[in-house]
Amino acid sequence: QVQLVESGGGSVQAGGSLRLSCARSGDDYSHYCMAWFRQAPGKERETVAAIDNAGTTVYADSAKYRFTISQDNAKKTLYLQMNSLKPEDTAMYYCAHAGRATCGVAPRARYFDNWGQGTQVTVSS
């Protein structure tokens with residue numbers, strides 16, 4: 001179906017920036033939702049941001065004003081630009097894809113059936 005591979009994670013100091021990338025391969029969909037999720041040890045997986053085929057975006061409150069989700073369809077790549085990083089942003093970050101779907105106002109992890117392997121983001125004080 002769809003294969004996803006994340007990259008771009010790493011360790012940064014608080015206030016720094018990172019750009020995560022998610023390369024997509026396999027089937028293409030005219031209608032879809034793609035999203036970034038994150039999960040810290042001992043915590044539930046949470047939605048960070050999502051974007052659909054029309055370019056409409058939604059963000060978690062924790063990501064608003066600091067993170068930007070975007071896509072380059074020619075390169076089949078999803079991005080998450082993260083600025084003003086905080087220690088609370090430390091987590092494993094995953095990208096996800098849902099074909100023949102829309103993101104809605106609050107996309108949930110259970111709606112996605114294609115996932116990447118994750119990339120670690122660590123923010124130090």
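The chain is numbered in sequence order, starting from 1.
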Ignoring hydrogens, what is the shortest heavy-atom contact between [X] and [Y]? Give both atom names and the distance.
X	Y	value
Ala98	Ala101	O-CB, 3.9 Å
Cys33	Ala50	SG-CB, 4.0 Å
Ser62	Arg38	OG-NH2, 3.3 Å
Glu6	Gly118	OE1-N, 2.8 Å

*Are Asp28 and Arg24 within salt-bridge range, i.e. N to O under 4.0 Å?*
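A salt bridge is present here (some side-chain N lies under 4.0 Å from a carboxylate O).
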_Check Lys64 with Asp61, please: is the shortest side-chain N to carboxylate O separation under 4.0 Å?_
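Yes, this pair counts.
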*Mind checking whether Gln117 and Tyr94 have side chains closer than 4.5 Å, heavy atoms only?*
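Gln117 does not reach Tyr94 side chain to side chain.
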Does any N or O in the side chain of [X] come within less than 3.5 Å of the main-chain N or O of [Y], such that one atom is a donor and the other an acceptor?
X	Y	answer
Gln1	Asn114	no
Thr119	Gly9	yes
Arg66	Ser84	yes
Gln71	Lys76	no
Gln81	Ser17	no
Thr77	Lys75	yes

*Under the salt bridge (Lys or Arg N to Asp or Glu O under 4.0 Å) rule, what pairs show up with a residue in residues 94-111, not counting sequence neighbours?*
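Sorted result for residues 94-111: empty, none.
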*Quick one: pull up NZ in Lys43 and CE in Met92 and give me the separation to the nearest 0.5 Å.*
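Atom-to-atom, Lys43:NZ and Met92:CE are 15.5 Å apart.
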_Rounded distance (nearest 0.5 Å) linking atom CD of Gln13 with atom OG of Ser125_ = 9.0 Å
_Listed once per pair and sorted, the ring pair (Phe, Tyr, Trp, His ring centres under 6.0 Å) pairs that draw on residues 100-125, sequence neighbours left out_ =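 Listed once each, the pairs are Phe37-Phe112, Phe37-Trp115.
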*Taking the hydrophobic residues Ile, Leu, Val, Met, Phe, Trp and Tyr, and joining any pair whose side-chain heavy atoms are under 4.5 Å apart, which ones share a cluster with Tyr93?*
Val2, Leu4, Val12, Leu18, Leu20, Tyr29, Tyr32, Met34, Trp36, Val48, Ile51, Tyr59, Phe67, Ile69, Leu78, Leu80, Met82, Leu85, Val121, Val123
